[in-house]
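Right, one structure below, let's go through it.
This structure is a prediction, so every number in the text was calculated from the model and none was measured. Chain A is the first sequence line, chain B the second, and so forth, proteins listed ahead of strands; every chain is numbered from 1.
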Number of protein chains: 2
Amino acid sequence: MVGMTSDRPLRADAARNRALLLAAAEREFAARGLDASVADIAARAGIGKGTVFRHFPTKDDLLSEVMLDRIGALTAAGERLTGSGDPGAALLEFLTLAADRQQNADMSVLQEAHAVNERLTEARGRMFTLIETLVTRARESGAIRADITGTDVVLLMCAPGHVAGFAPPGSSPDLWRRYLAIIFDGLRPAGASPLPVDPPRMS
Amino acid sequence: MVGMTSDRPLRADAARNRALLLAAAEREFAARGLDASVADIAARAGIGKGTVFRHFPTKDDLLSEVMLDRIGALTAAGERLTGSGDPGAALLEFLTLAADRQQNADMSVLQEAHAVNERLTEARGRMFTLIETLVTRARESGAIRADITGTDVVLLMCAPGHVAGFAPPGSSPDLWRRYLAIIFDGLRPAGASPLPVDPPRMS
DNA sequence: CCCTAAGCGGACCGGCCGGTCAACTTACTT
DNA sequence: AAGTAAGTTGACCGGCCGGTCCGCTTAGGG
């Protein structure tokens with residue numbers, strides 16, 4: 001019996017604290033990346049540090065759970081787009097959703113993938129498959145150039161948020177949209193120059 | 001008398017150690033970013049940790065010196081390109097040099113600019129001016145679209161290395177060239193879509 | 001209402017890291 | 001060759017962080 005998670009239902013206060021904790025962790029990781037400390041997360045949630053470790057045996061487990069939520073939501077939204085009549089617009093919409101996450105560049109934490117949590121890698125795989133589908137359709141419809149692969153898009157999807165993160169503090173919180181537009185233009189067939197290196201293969 | 005650095009010439013062994021230290025720091029920062037520890041840098045250089053702090057009062061000062069070297073070399077190379085007859089190619093060549101730095105994504109450390117070292121901000125400013133020049137000429141020659149500013153390029157210049165850094169371990173060390181080509185295509189006039197947000201203003 | 005197990009929390013531990021220091025070594029001067 | 005200032009070094013310090021633990025609180029069933 002490996003992997004059984006639900007022994008019994010959570011007590012009411014525990015469930016509330018767990019939700020507070022996850023929300024706080026999401027905000028804290030978004031703001032400070034992997035350097036966010038467990039103590040700070042606990043403080044932001046208004047609970048004790050020990051309680052964090054009661055809910056998640058490890059900081060990495062907490063991070064995994066947060067990422068799982070995000071990836072799940074993004075994948076679900078993306079899957080709803082696969083039926084769109086305009087594959088190019090669908091891919092752009094998906095990338096917009098992916099880069100949005102309140103202009104944080106931390107979704108990239110996903111890609112580092114230190115925690116090899118089983119459920120997380122599975123969710124990752126599901127999202128990669130989705131992206132492959134969106135990219136294939138966009139490619140076949142002529143919306144993006146022929147030599148772009150799903151892996152390319154996986155690697156590029158967090159770049160707008162990351163790039164915009166370097167802007168000086170006063171800048172528009174929507175700046176990532178500017179760089180998404182530029183990068184997506186680079187994926188279009190118009191005026192495409194030949195690409196010098198083969199795309200990587202994802203594990 | 002503020003800013004006088006050269007009281008007297010360094011002793012021979014001290015000069016040698018300083019060079020070893022800077023080389024080791026460059027490699028270590030490139031490999032592990034800001035998380036590189038002073039002890040590891042010292043070990044890589046084959047010197048004691050105390051010696052590091054004799055040469056640089058602070059880890060940030062050491063980092064600043066390394067960045068200063070890099071920015072200086074890159075700026076010098078870039079200034080040699082401003083005379084080129086093909087402004088578009090000159091900009092692309094500059095971006096290639098910038099992203100190259102052995103495919104490390106850590107040049108971005110520059111942009112975070114925690115250390116407000118006076119010389120470093122000056123070097124930064126000189127490089128920004130250079131980039132502005134290269135971009136203006138490329139824009140006026142029609143090599144890149146009209147709505148791209150120097151600031152855009154400053155923010156985008158490290159993206160290829162950063163993006164390629166997420167690729168699985170076995171990938172080509174030249175993968176950044178692929179993403180530089182894609183992003184640069186996004187800067188070209190052909191098939192450009194209107195940009196949704198104004199560019200930021202650099203301090 | 002009361003009992004108990006589930007949940008909570010903060011003091012505590014070991015390890016790491018940036019930075020200091022005083023004892024030791026070594027390159028240059030005369 | 002000898003003196004000395006410059007340079008080196010590793011033990012050491014304080015602070016932070018992930019993770020543990022045990023005494024306390026409280027939800028919720030009977």
Side-chain angles (χ1 to χ4, degrees), chain A residues 4-29 31-67 106 109 112 114-117, chain B residues 4-29 31-67 106 109 112 114-117:
Chain A
M4 67 182 294
T5 43
S6 65
D7 293 321
R8 311 187 328 123
L10 279 179
R11 225 169 69 177
D13 54 346
R16 196 185 62 239
N17 280 340
R18 190 176 195 277
L20 287 172
L21 171 54
L22 282 172
E26 176 161 348
R27 291 179 55 182
E28 200 72 14
F29 281 131
R32 299 183 24 197
L34 295 160
D35 292 344
S37 79
V38 174
D40 286 351
I41 292 171
R44 186 190 279 258
I47 65 180
K49 193 173 72 159
T51 307
V52 176
F53 289 101
R54 157 164 280 266
H55 286 281
F56 302 96
T58 273
K59 182 186 175 181
D60 276 348
D61 290 319
L62 172 57
L63 177 62
S64 291
E65 197 67 24
V66 171
M67 300 310 297
D106 84 315
V109 170
E112 306 189 32
H114 286 141
V116 267
N117 183 309
Chain B
M4 65 182 298
T5 42
S6 65
D7 294 318
R8 310 188 331 125
L10 278 180
R11 225 169 68 175
D13 55 346
R16 196 187 60 238
N17 280 341
R18 190 176 196 275
L20 286 173
L21 172 55
L22 282 173
E26 177 161 347
R27 290 180 54 182
E28 199 72 14
F29 280 130
R32 301 184 21 198
L34 295 160
D35 292 344
S37 79
V38 174
D40 286 351
I41 292 171
R44 185 190 279 258
I47 64 181
K49 193 172 72 161
T51 308
V52 176
F53 288 102
R54 157 165 280 268
H55 286 282
F56 301 96
T58 272
K59 182 186 175 181
D60 276 348
D61 289 319
L62 171 57
L63 176 63
S64 291
E65 197 67 24
V66 171
M67 299 310 298
D106 83 318
V109 169
E112 307 189 30
H114 287 139
V116 266
N117 182 309

Would you mind reading off the distance between [X] atom [atom1] and [N] atom [atom2], rounded to a whole angstrom?
X       : N      : atom1 : atom2 : value
A:Leu62 : D:dC17 : CG    : P     : 15 Å
A:Leu34 : D:dG18 : CG    : C1'   : 14 Å
A:Phe53 : D:dC22 : CZ    : P     : 17 Å
A:Leu63 : D:dG18 : CG    : C1'   : 14 Å
A:Ile41 : D:dC16 : CD1   : P     : 17 Å
A:Arg54 : D:dG23 : CZ    : P     : 16 Å
B:Leu10 : D:dA6  : CG    : C1'   : 10 Å
B:Glu28 : C:dG18 : CD    : P     : 11 Å

Side chain of B:Arg11: nearest nucleotide among C:dT26, D:dT20, D:dC12?
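It is C:dT26.
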
Nearest to the side chain of B:Lys49, which nucleotide is it out of D:dC12, C:dC8, D:dG7?
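Of D:dC12, C:dC8, D:dG7, D:dC12 is nearest to the side chain of B:Lys49.
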
Let's test your reading of the model: under 3.5 Å, does the base of C:dG19 pair with the side chain of B:Lys59 as donor and acceptor?
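Looking at the base of C:dG19, it does not pair with any donor or acceptor on the side chain of B:Lys59 (distance under 3.5 Å).
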
On the nucleotide [N], are OP1 or OP2 found under 4.0 Å from the side-chain N or O atoms that [X] carries?
X       : N      : answer
A:Asn17 : C:dC8  : yes
B:Thr58 : C:dG19 : yes
A:His55 : C:dC8  : yes

Upstream residue (5' side of DNA chain C) when B:Arg16 and B:Ala36 are each assigned their closest nucleotide:
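Closer to the 5' end of DNA chain C: B:Ala36.
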
Hey, which of these two, B:Asp40 or B:Asp13, hits DNA chain C nearer its 5' end, going by closest nucleotide?
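Nearest nucleotide further toward 5': that of B:Asp40.
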
With a non-hydrogen cut-off below 4.0 angstrom, is B:Thr51 in contact with a base, only sugar-phosphate, or nothing?
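Result for B:Thr51 = base.
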
Might you point out which heavy atoms bring [X] and [Y] nearest each other, and give the distance in Å?
X       : Y       : value
A:Ala42 : A:Val52 : CB-CG2, 3.7 Å
B:Ile41 : B:Ala24 : O-CB, 3.7 Å
B:Lys59 : B:Phe53 : N-CE2, 4.3 Å

For B:Val52 and for A:Gly50, find the nucleotide of DNA chain D with the closest heavy atom, then tell me which residue's nucleotide is more 5'.
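So the residue in question is B:Val52.
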
Would you say A:Leu21 and A:Phe56 make side-chain contact, with heavy atoms under 4.5 Å?
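Yes, side chains in contact.
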
With a 4.5 Å heavy-atom cut-off, do A:Glu26 and A:Glu65 have their side chains touching?
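Heavy-atom side-chain distance check fails, nothing below 4.5 Å.
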
